[in-house]
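What follows is a single structure, written as structure tokens, with notes after it.
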Amino acid sequence: MKSGERPKLVRGLRQESRRFRLLVIVVGFFLVSLTFVVISKPDAILFSLNGKLPVEQAPTSILIKQKVDSPPATSRKTATDALPGGDPRVVDDEADVRPKGTKREEEESRVLSEPDPTSGMTELTANKDGGGRKSDEETLGGEGKGKQDGEERGHAAEKHKVTLPTVSNYTIHDSEDTENGKQDDGTGSDLQGSKPLCDFSNFRANVCEMRGDVRVHPNATSIMFMEPAGSQRDELWKIKPYPRKGDEFCLSHITELTVKSSKVAPECTKYHDVPAVIFSLTGYTGNLFHDFTDVMVPLFTTASEFNGEVQFLITDMALWWTIKYHTVLQKLSKYPLIDFSKDEQVHCFKHVIVGLHAYMEFTIDSSKAPHNYSMVDFNRFMRGAYSLPRDTVTVLGEYPKVKPRLLIIKRHRTRMFLNLDEIIAMAEELGFEVVTDEANVSSDISKFARLVNTVDVMMGVHGAGLTNCVFLPQNATLIQIVPWGGLEWVSRTDFGNPAELMGMHYKQYSISVDESSLTEQYPRDHEIFKNPIAFHKHGFDFIRQTFMDKQNVKLDCKRFRPILLEALDNLNP
């Protein structure tokens, strides 16, 4: 071998050795990767579907809010129910002060879309009875594949399952079935039986109630009831969870939710072992009467049975309202509120109620309410929530030096007592200890509740301030002064009937023409004094402006005196 060829041979051998080592490294890496894929199944770790679709893969017909017409109204209403002035039956310009900026702007925060035609979902229409129940067939693609994937990946999903804490900062553990990988198989749906998901038969409020595997997805404004394999249930409902059914103006400010049965849904990201109640705070809240007739009473009726073990989810959140009534909300639920509009989780519950049970104004129909709750129960609950000491009035003579107390609700802008000092003097002459105060939306409700609970008789002109009768002790007397204008039936419906149902005495005093300040605006032979009911045909705006906003009261103390004497008689043993 020539002397020049030997170095070349050595260099060639070295290069071949490097190539061989590189090849061994590549092959070794490939074999290790293949072994990892076969043994550990990283797809199961990453996706852990358990037979359900993750949020980003759910059909658009689930995740996109569909714009459909609201179900036709079935409630009894006046011709002016939908007017911007609110409920025509209770007008209180001094209490109807609603903080601004509490309404979520739906049009700016959500994109409305028609159903994805590729999803296989058929648009459904409401029945003629206004029930909103859907009867056409509806299918969602991907059911078979989801089930097959669940069977193939079930073991891995179970192995890597994580229990997440709820918003209440408590760790809510899944049931034993969940820990065994059975949470998502739909067997919980058997609890629902054949009962429809929603009941739209009530003239005042629509309510949906589901028991089983229920997915609440606020970001998609949807509540999905998971169906077991082989189920033929096919339901889709649209509901606005605020109890003013038929009031189109009011409901136009309420977010519409979709309640549906389904075999495909986003995967749970939070599990809860307590029921959920979903309701809205927008509408007529901000008026003391509506705070109670539209929210407080219905919420008590719906949630009391859970003894605080219930999660509230609020659409159209009004933070100022929750702060004002935090004492009551904390009494009904032990868990922090969930703001529906700002939550992106997929919450899983075994029991969900959408909407609130409501009946007549400011009352509970005990024959229809859960557990036959009544207004006596509500009065007891409100006194307990604010730790009020008096459960019943003081009997005359029980404490010789203690006078019966009379609270006069005064007003400063409309429906004022023009001779308040004269009324106070007459009441004191009869033996009352008189206190006066003004109740409006800005009042400290806890402080005012304590004041109301100390009295035996409360009186005032028709208005939202009389709603404070919920804090009166049992057997107290409520006296309502009815302004001129044919408002007797409305006044009794709004405050008379509720007071009596709470176990109180009720007296209604209708003023005469001479006691009305309208005599300073119209001649005595005007039709407004001869036939005031005839003016109701002009609509609620006229009624409000004429008989409410522009009328004050000068009580005829001689004529009114017997009413206070009857109130004293009610305090006798």
Side-chain angles (χ1 to χ4, degrees), residues 288 292 296-297 300 327-328 331 362-364 374-410 417 420-439 443-481 492 495-509 555 557 560-573:
L288 188 63
F292 278 81
M296 287 297 194
V297 174
F300 166 81
T327 300
V328 178
K331 193 74 172 178
F362 198 21
T363 60
I364 299 174
S374 67
M375 287 299 287
V376 171
D377 296 319
F378 180 72
N379 173 244
R380 184 186 303 114
F381 166 77
M382 292 303 299
R383 286 187 278 110
Y386 288 95
S387 302
L388 304 180
R390 298 179 76 217
D391 294 328
T392 187
V393 297
T394 303
V395 176
L396 281 180
E398 183 176 354
Y399 303 100
K401 295 183 179 181
V402 177
K403 295 181 178 181
R405 284 169 62 87
L406 167 66
L407 170 63
I408 300 177
I409 303 293
K410 62 182 180 180
F417 284 119
L420 182 59
D421 291 341
E422 183 183 357
I423 298 171
I424 293 173
M426 184 220 11
E428 290 177 339
E429 181 186 338
L430 293 177
F432 282 103
E433 177 188 348
V434 181
V435 292
T436 63
D437 209 335
E438 181 180 9
S443 299
D444 181 336
I445 192 167
S446 180
K447 180 180 178 181
F448 206 86
R450 290 192 295 271
L451 171 63
V452 172
N453 189 248
T454 67
V455 307
D456 305 293
V457 181
M458 186 173 85
M459 63 175 280
V461 182
H462 175 76
L466 296 181
T467 309
N468 288 287
C469 66
V470 298
F471 304 116
L472 286 171
Q474 289 284 292
N475 297 316
T477 299
L478 175 67
I479 302 173
Q480 181 174 197
I481 313 300
R492 165 160 277 281
F495 297 109
N497 294 340
E500 292 176 341
L501 289 173
M502 282 188 280
M504 302 168 193
H505 301 282
Y506 175 73
K507 297 300 297 182
Q508 184 163 299
Y509 178 85
L555 275 186
C557 287
F560 181 72
R561 184 185 180 96
I563 300 294
L564 288 182
L565 289 174
E566 288 186 46
L568 283 174
D569 288 340
N570 292 335
L571 298 175
N572 285 319

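By convention here, the first residue in the shown sequence is residue 1. The structure presented is a predicted model; accordingly, all values stated were derived computationally and were not measured.
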Where do Val328 and Met382 land on the side chain to side chain contact (heavy atoms under 4.5 Å, CB included) test, with the steps shown first? CA-CA 8 Å; Val328 178; Met382 292 303 299; 3.9 Å; yes
Apply side chain to side chain contact (heavy atoms under 4.5 Å, CB included) to Met375 and Val297, showing your working. CA-CA 8 Å; Met375 287 299 287; Val297 174; 4.3 Å; yes
Taking the side chain from Asn379 and the backbone from Val376, do they hold a donor-acceptor pair closer than 3.5 Å? no
Any chance you could measure Phe362, atom CZ, to Phe378, atom CZ, to the nearest 0.5 Å? 6.5 Å
Taking all non-hydrogen atoms of both residues into account, name the closest pair between Leu396 and Leu568 and its distance. CD1-O, 3.5 Å
Closest approach of Arg383 and Gln474, non-hydrogen atoms and distance? NH2-CG, 3.9 Å
Test Phe560 against Met426 for side chain to side chain contact (heavy atoms under 4.5 Å, CB included), laying out the working first. CA-CA 10 Å; Phe560 181 72; Met426 184 220 11; 3.8 Å; yes
Any side-chain heavy atom of Leu571 within less than 4.5 Å of one from Thr477? no
Going by atom types only, do Arg450 and Ser446 share a side-chain donor-acceptor pair under 3.5 Å? yes
In terms of heavy-atom contacts, Ile409 and Phe417 come closest through O-CE1, 3.9 Å
Got a second to check how far Phe448's CZ is from Glu438's CD, nearest 0.5 Å? 8.5 Å
Who passes side chain to side chain donor-acceptor pair (under 3.5 Å) against Tyr506, sequence neighbours left out? Gln480, Gln508
Under the criterion side chain to side chain donor-acceptor pair (under 3.5 Å), which of Thr394, Thr454, Asp456 is the partner of Arg405? Thr454
To the closest 0.5 Å, what do you measure between CG (Leu407) and CD1 (Ile479)? 11.0 Å
For Leu406, which of Val455, Val434, Ile423, Val435 qualifies under side chain to side chain contact (heavy atoms under 4.5 Å, CB included)? Val434
So how far is it from Asn453 CG to Tyr386 OH, rounded to the nearest 0.5 Å? 13.0 Å
Quick check: closest heavy atoms across Asn475 and His505, and the distance to 0.1 Å? O-CD2, 3.2 Å
Output, in order, the C-alpha distance, side-chain angles, deciding distance and verdict of side chain to side chain contact (heavy atoms under 4.5 Å, CB included) for Leu565 and Leu430. CA-CA 8 Å; Leu565 289 174; Leu430 293 177; 3.7 Å; yes
Note, Pro498 side chain near Thr363 side chain (heavy atom, < 4.5 Å): yes
How far apart are the closest heavy atoms of Val452 and Pro473, and which atoms are they? O-CD, 4.4 Å
Met458 side, atom CE; Asp437 side, atom CG - distance, nearest 0.5 Å: 11.5 Å
Of all the heavy-atom pairs spanning Val457 and Phe432, show the shortest one and how long it is. CG2-CE2, 3.9 Å
Interatomic distance, CG@Leu478 vs CE@Met504, rounded to 0.5 Å, equals 8.0 Å
What class does the angle between the rings of Phe381 and Phe300 fall in, given that below 30° is parallel, 30 to 60° is tilted and above 60° is perpendicular? tilted
